[in-house]
Amino acid sequence: MKLFITGIGTEIGKTVCSAILVQYFKADYWKPVQSGDLHYTDSHKIKAWTDDTICHPETYRLKLAASPHQSARAENKQINLDDFQLPETQNALIVEGAGGLMVPLSDDTFMIDLIEKLKLPAALVVRNYLGCINHTLLSIMALQQKKITLEYLIFNGDFPEDTERVISNFITKETKIIKIPEIESSDKEHITTIAKQLTITKL
């Protein structure tokens, strides 16, 4: 099982959700591009929050906490899709993107192009806020346009019933739904507890 974790935007809990899925599937973890926070990367967080996870090294480690194309430019670098290769592993693998699907890696390539290049199914993380329905449905449409399989739709946190219903009505019956409760604290204890209680459903 190999899966690319993406989201409808930035700061919606992709890394927490990735940690829960890493723990649930006993998977390896890979963050292809890390922009900023090199002292405490998403890989560091996954290591701290899960049990003995193998975290594969990032292809790009960029200092500036910004969009990858801006971070790369600040270091006179150019992110090239050909530089990305899936890590070799016999284990399940969780791959976490940066931001949403249309986050630029360069002036003419985007995170969704990396998912397409790696030939991975996607898990879309959704967080409740005003505008999340619009952002979610546009993200699903973008994946459909690229013919990328939406393997999981992840509701991260509490949602109004009306919001959840409209979003759920927009996915196919093949897409599985994961509901992750509001998490009190991002730490190993809470991540492990949620992973043990995780349920995966279909429409």
Check your understanding: Does the side chain to side chain contact (heavy atoms under 4.5 Å, CB included) test come out yes or no for T175 and T149, once each step is laid out?
Key -> CA-CA 8 Å; T175 298; T149 299; over 6 Å; no
Starting from I54, can I reach F4 by hopping between I/L/V/M/F/W/Y residues whose side chains sit under 4.5 Å apart?
no
D107, CG: over 12 other non-hydrogen atoms inside 6.0 angstrom: no
Open item on the list: Grouping I, L, V, M, F, W and Y whenever their side-chain heavy atoms are under 4.5 Å apart, do M1 and Y24 come out in a common cluster?
Closed with: yes
Margin query: As a quick check of understanding, evaluate side chain to side chain contact (heavy atoms under 4.5 Å, CB included) for H190 and T193, giving each step before the final call.
Written below: CA-CA 5 Å; H190 288 92; T193 298; 5.7 Å; no
Shortest non-hydrogen pair, I112 vs L143, comes out as CD1-N, 4.1 Å
| Contact check, side chains of K77 and L62, non-hydrogen atoms, under 4.5 Å | yes
Minimum side-chain heavy-atom gap V125-I8 below 4.5 Å
no
With sequence neighbours left out, the residues meeting salt bridge (Lys or Arg N to Asp or Glu O under 4.0 Å) with K188 are D51
Problem - Side chain proximity check, F170 to L153, heavy atoms < 4.5 angstrom - result: no
Heavy-atom nearest pair, L101 first then A142, reads CD1-CB, 4.2 Å
Query raised in the report: Can you check side-chain hydrogen bond (donor to acceptor under 3.5 Å, both in side chains) on H44 and T41, steps first, answer last?
Result: CA-CA 5 Å; H44 288 136; T41 65; 3.2 Å; yes
Salt-bridge contact E151-K176 (side-chain N to carboxylate O under 4.0 Å) = yes
The salt bridge (Lys or Arg N to Asp or Glu O under 4.0 Å) partners of K45 (sequence neighbours excluded) come to D42
Any non-hydrogen side-chain atom of V103 less than 4.5 Å from a side-chain atom of F110?
no
So for atom NZ, which belongs to K117, do other residues, nucleotides or ligands contribute more than 12 heavy atoms lying within a distance under 6.0 Å?
yes
| said: Would you call the rings of F155 and F159 parallel, tilted or perpendicular, taking 30° and 60° as the class edges? | reply: perpendicular
Sorted by chain and residue number, the salt bridge (Lys or Arg N to Asp or Glu O under 4.0 Å) partners of K179 (sequence neighbours excluded) come out as E164
Interatomic distance, CG@D37 vs CZ@R61, rounded to 0.5 Å, equals 11.0 Å
Nearest heavy-atom approach of E75 to L64 is OE2-N, 4.4 Å
Nearest heavy-atom approach of G100 to T6 is C-OG1, 4.0 Å
So CD1 of I148 and CG of L118: to nearest 0.5 Å the spacing works out to 10.0 Å
Open item on the list: Between T136 and S139, is there a side-chain donor-acceptor contact under 3.5 Å, judged purely by atom types and distance?
Closed with: no
- W49 vs S186 side-chain heavy atoms within contact, under 4.5 Å: yes
Set out, in order, the CA-CA distance, both residues' side-chain angles and the distance that settles side chain to side chain contact (heavy atoms under 4.5 Å, CB included) for T192 and I20, then state yes or no.
CA-CA 7 Å; T192 301; I20 292 167; over 6 Å; no
All heavy atoms of I154 vs all of C17, minimum pair found to be CG2-SG, 3.9 Å
**Message:** Q34 vs S43, test: side chain to side chain contact (heavy atoms under 4.5 Å, CB included). Steps then yes/no.
**Reply:** CA-CA 9 Å; Q34 177 72 41; S43 294; 5.7 Å; no
When every non-hydrogen atom of A48 is compared with those of Y40, the smallest separation belongs to CB-OH, 4.2 Å
Review point. Do V33 and L38 share a hydrophobic cluster (ILVMFWY, side-chain heavy atoms under 4.5 Å, transitive)?
Key: no
Query - I46 side chain reached by S18 side chain, heavy atoms, under 4.5 Å - result: yes
Does any part of the side chain of L114, heavy atoms only, come nearer than 4.5 Å to the side chain of T109, both counted from C-beta? no
Here the salt bridge (charged side-chain N to carboxylate O under 4.0 Å, His left out) pairs for residues 128-150, sequence neighbours left out, are D113-K146, E116-K146
So CG of N156 and CD1 of I178: to nearest 0.5 Å the spacing works out to 11.0 Å
Please check if I140 and Y129 belong to a single hydrophobic cluster, counting links between Ile, Leu, Val, Met, Phe, Trp and Tyr side chain heavy atoms closer than 4.5 Å. yes
pair N128-D158: side-chain heavy atoms closer than 4.5 Å: no
Value for CD1 (I5) from NZ (K31), rounded to nearest 0.5 Å, stands at 11.0 Å
NE2 of H69 to CZ of R73, rounded to nearest 0.5 Å, is 8.5 Å
Here the gap from I79 atom CD1 to F84 atom CZ, rounded to the nearest 0.5 Å, amounts to 5.5 Å
*If Ile, Leu, Val, Met, Phe, Trp and Tyr residues are connected whenever their side-chain heavy atoms lie under 4.5 Å apart, and connections chain through other members, are L130 and I12 in the same group?*
no
With a sphere of 6.0 Å drawn around CE of M141, does it hold more than 12 non-hydrogen atoms of other residues, nucleotides or ligands? no
Side chains of residues 86-99: which donor-acceptor pairs under 3.5 Å do they make with residues two or more places apart or in other chains?
{"from": "T89", "atom 1": "OG1", "to": "D28", "atom 2": "OD2", "distance (Å)": "2.7"}
{"from": "T89", "atom 1": "OG1", "to": "N91", "atom 2": "N", "distance (Å)": "3.0"}
{"from": "N91", "atom 1": "ND2", "to": "D28", "atom 2": "OD1", "distance (Å)": "2.9"}
{"from": "E96", "atom 1": "OE1", "to": "T15", "atom 2": "OG1", "distance (Å)": "3.3"}
{"from": "E96", "atom 1": "OE1", "to": "Y29", "atom 2": "OH", "distance (Å)": "2.5"}
{"from": "E96", "atom 1": "OE2", "to": "T15", "atom 2": "N", "distance (Å)": "3.3"}
{"from": "E96", "atom 1": "OE2", "to": "T15", "atom 2": "OG1", "distance (Å)": "2.7"}

So salt bridge (charged side-chain N to carboxylate O under 4.0 Å, His left out) across residues 121-145, not counting sequence neighbours, yields R127-E182
